[in-house]
Number of protein chains: 2
Amino acid sequence: MSQSVERALGILPLLAKGPAGLGDVADELGVHKSTALRLLRTLNEGGFVYRCPDGRYRLGARLFALAAEAIENLDVREVARPHLAELNHATGHTVHLALHQDDEVVYVDKVDSRYPVRMYSRIGRPVPLTVAAVAKLLLADLPEGERRALAHRIEYPRYTARSTPDAEAFLRELDLVREQGWATDLGGHEESINCLGAPVRGPGGRVVAALSVSAPRVVVPAEGLLELLPQVLRTAGAISQDYSGVQEKETA
Amino acid sequence: MSQSVERALGILPLLAKGPAGLGDVADELGVHKSTALRLLRTLNEGGFVYRCPDGRYRLGARLFALAAEAIENLDVREVARPHLAELNHATGHTVHLALHQDDEVVYVDKVDSRYPVRMYSRIGRPVPLTVAAVAKLLLADLPEGERRALAHRIEYPRYTARSTPDAEAFLRELDLVREQGWATDLGGHEESINCLGAPVRGPGGRVVAALSVSAPRVVVPAEGLLELLPQVLRTAGAISQDYSGVQEKETA
DNA sequence: ACGACCGTTGCAGGCAACGCAACACACCCG
DNA sequence: CGGGTGTGTTGCGTTGCCTGCAACGGTCGT
């Protein structure tokens with residue numbers, strides 16, 4: 001829609017991969033060096049990119065600040081926080097909270113396991129759509145048409161032998177998840193890790209977020225994890241109730 | 001430098017504060033609605049802005065993904081990680097790692113306290129420049145001219161009675177910090193919280209990062225925290241050594 | 001049913017952003 | 001020591017992108 005803005009935004013993913021010089025950026029964008037320079041300057045003035053002492057460019061502090069600020073303003077998160085902590089306290093496992101936006105599902109909060117062996121994840125990181133329990137929960141609640149379209153649009157990487165293989169299998173899985181009201185990921189992303197998740201519902205009954213507990217097989221076998229189901233469902237229900245109740249925090 | 005990009009970037013901080021409608025954005029930017037619409041559209045196509053079902057705009061998933069990716073690529077962080085964890089394990093307190101960019105200092109990593117009362121902070125969040133121990137450490141190492149300029153450019157909010165009051169006091173404090181090789185924040189940001197920090201030095205001897213231990217007064221009094229100084233210095237030294245040694249991770 | 005409000009869509013003019021080319025600078029190698 | 005190659009930077013003319021306007025089509029309330 002807007003050429004210069006489009007180009008400027010295209011620079012950011014480039015720099016996210018690592019620092020780059022002016023020439024690299026210009027080549028990658030397919031524009032003249034002077035153009036790239038002007039774009040980088042504007043980004044720099046805004047604090048979105050940072051100029052290394054050696055002249056190369058990196059992503060700037062502003063980006064982190066923005067992401068941090070926005071994440072704090074995601075209201076579900078605040079409501080959920082204490083419940084997640086309690087679930088973590090009761091089970092000892094890693095607890096995640098995730099939201100759905102566009103074609104991505106992202107973790108917006110996390111309480112780490114007490115056990116030494118932890119799952120690798122990070123707030124803000126996109127979740128593997130086709131296998132993660134939280135992703136299934138969020139996508140299962142989409143209206144029929146959108147769900148089908150999305151299922152056929154996305155890719156199905158084979159992380160492990162238990163990963164969801166294709167769109168058909170994924171849609172069947174989503175139907176199951178929607179019906180039973182909870183979801184699992186039994187070694188679908190990493191062979192040795194199991195997850196169990198439940199949906200958080202908003203005022204209209206729609207799924208607005210999802211939470212999950214994750215544990216390595218070496219700590220708890222799959223059957224053991226499933227025994228936590230009542231507890232997980234109870235937590236999700238409690239958050240839903242809290243969230244539906246107080247609807248403050250609207251922009252004035 | 002580049003008008004449209006500048007305006008587009010200006011939208012992001014607006015949305016970070018909370019969701020906003022098209023009209024709000026246009027007013028705030030001082031442009032026509034149609035202009036704002038086009039900018040928002042480009043941001044949306046890039047995934048930086050997300051359209052709520054109710055038509056309002058929020059920051060998008062892409063931004064979080066970028067921030068997460070960039071933070072992981074900050075090489076000091078990887079080197080420091082195990083040392084921070086060890087320091088946390090030994091002391092039980094919250095440990096932070098911070099970097100300096102432009103006029104900001106940001107936390108790039110954190111290991112939470114084992115105690116129930118935790119300090120409020122978040123990765124990516126800008127640090128109060130005038131009081132935080134890590135900020136003093138990073139700014140104290142700037143070349144004389146830059147340091148003076150910055151000291152006079154920034155503001156001096158009175159968070160508490162112990163906050164640094166003005167540029168003169170701040171510069172004196174920085175001299176002291178540089179000389180002694182460590183820094184404190186004794187209730188300068190929040191009355192009840194004390195911090196103790198030390199610098200991480202790169203190959204050239206310049207300060208490239210800073211770490212700190214933070215504890216509420218109710219858990220450990222200031223004197224008790226200061227007893228940890230040898231341990232904190234040792235940790236910072238170890239990270240410096242590791243970091244100076246292996247200088248890999250350069251972009252090919 | 002009506003009005004008020006918000007988001008959206010062509011259109012035409014003006015200026016901002018583009019590419020070009022020349023410059024400044026550091027570095028390497030003969 | 002000097003030419004050559006690789007940076008990043010600046011000034012300038014032109015074009016085409018972006019802008020603001022005004023009119024249209026929704027969706028609420030009342």
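So that the names make sense, note that chain A is the first sequence line, chain B the second, and so on, each numbered from 1.
- Nucleotide D:dT9 holds its P atom 10 Å from the NZ atom of A:Lys33, rounded to whole Å.
- For C:dC18, the OP1/OP2 oxygens have a side-chain nitrogen or oxygen of A:Arg7 closer than 4.0 Å.
- Separation of atoms CD1 (A:Ile239) and CG (A:Leu84) is listed at 5.0 Å; rounding is to 0.5 Å.
- Atom CG in A:Asp185 sits 5.5 Å away from atom NZ in A:Lys136 (nearest 0.5 Å).
- In this structure, A:Arg41 reaches the D:dT10 phosphate: one of its side-chain N or O atoms is under 4.0 Å from OP1 or OP2.
- Using a distance-only test at 3.5 Å, with no hydrogens or angles considered, a donor-acceptor pair links the side chain of A:Thr164 to the main chain of A:Thr130.
- Between the C1' atom of D:dC18 and the CG atom of B:Leu43 lies a distance of 15 Å, rounded to the nearest Å.
- Residue order along DNA chain D, read from the 5' end via each residue's closest nucleotide, puts A:Tyr57 first among A:Tyr57 and A:Gln3.
- Here D:dT7 presents its C1' atom at 15 Å from CG of A:Leu40, a figure rounded to the nearest Å.
- The distance from atom CG of A:Leu39 to atom P of D:dT9 is 14 Å, rounded to the nearest whole Å.
- In this structure, A:Ser34 does not reach the C:dG19 phosphate: none of its side-chain N or O atoms is under 4.0 Å from OP1 or OP2.
- Rounded to the nearest 0.5 angstrom, B:Ser2 OG and A:Leu37 CG are separated by 11.5 Å.
- Atom CZ in A:Arg51 sits about 7 Å away from atom P in D:dG8, given to the nearest Å.
- When the P atom of D:dC24 is taken as reference, atom CG of B:Leu37 falls 19 Å away, rounded to whole Å.
- As rounded to whole Å, 17 Å separates atom P of D:dG13 from atom NE2 of A:His32.
- When the side-chain nitrogen and oxygen atoms of A:Thr35 are compared with OP1 and OP2 of C:dA17, none of them lie within a distance under 4.0 Å.
- Residue-to-nucleotide proximity on DNA chain C shows that, of B:Gly55 and B:Val5, the 5′-proximal contact is made by B:Gly55.
- A:Gly21 comes within 4.0 angstrom of the backbone, heavy atoms only, and of no base.
- Listed pair A:Ser4 / C:dA17 fails the phosphate criterion, with no side-chain N or O lying under 4.0 Å from OP1 or OP2.
- Between C:dG10 and B:Arg38, no contact under 4.0 Å exists linking OP1 or OP2 to a side-chain N or O.
- Residue A:Asp24 is the one, among A:Met1 and A:Asp24, whose nearest nucleotide of DNA chain D lies closer to the 5' end (criterion: closest heavy atom).
- Here the side chain of A:Leu22 is nearest to one of D:dC18, D:dT9, D:dG20, namely D:dT9.
- A salt bridge is absent between A:Asp175 and A:Arg172; no separation between the charged side-chain nitrogens and carboxylate oxygens falls under 4.0 Å.
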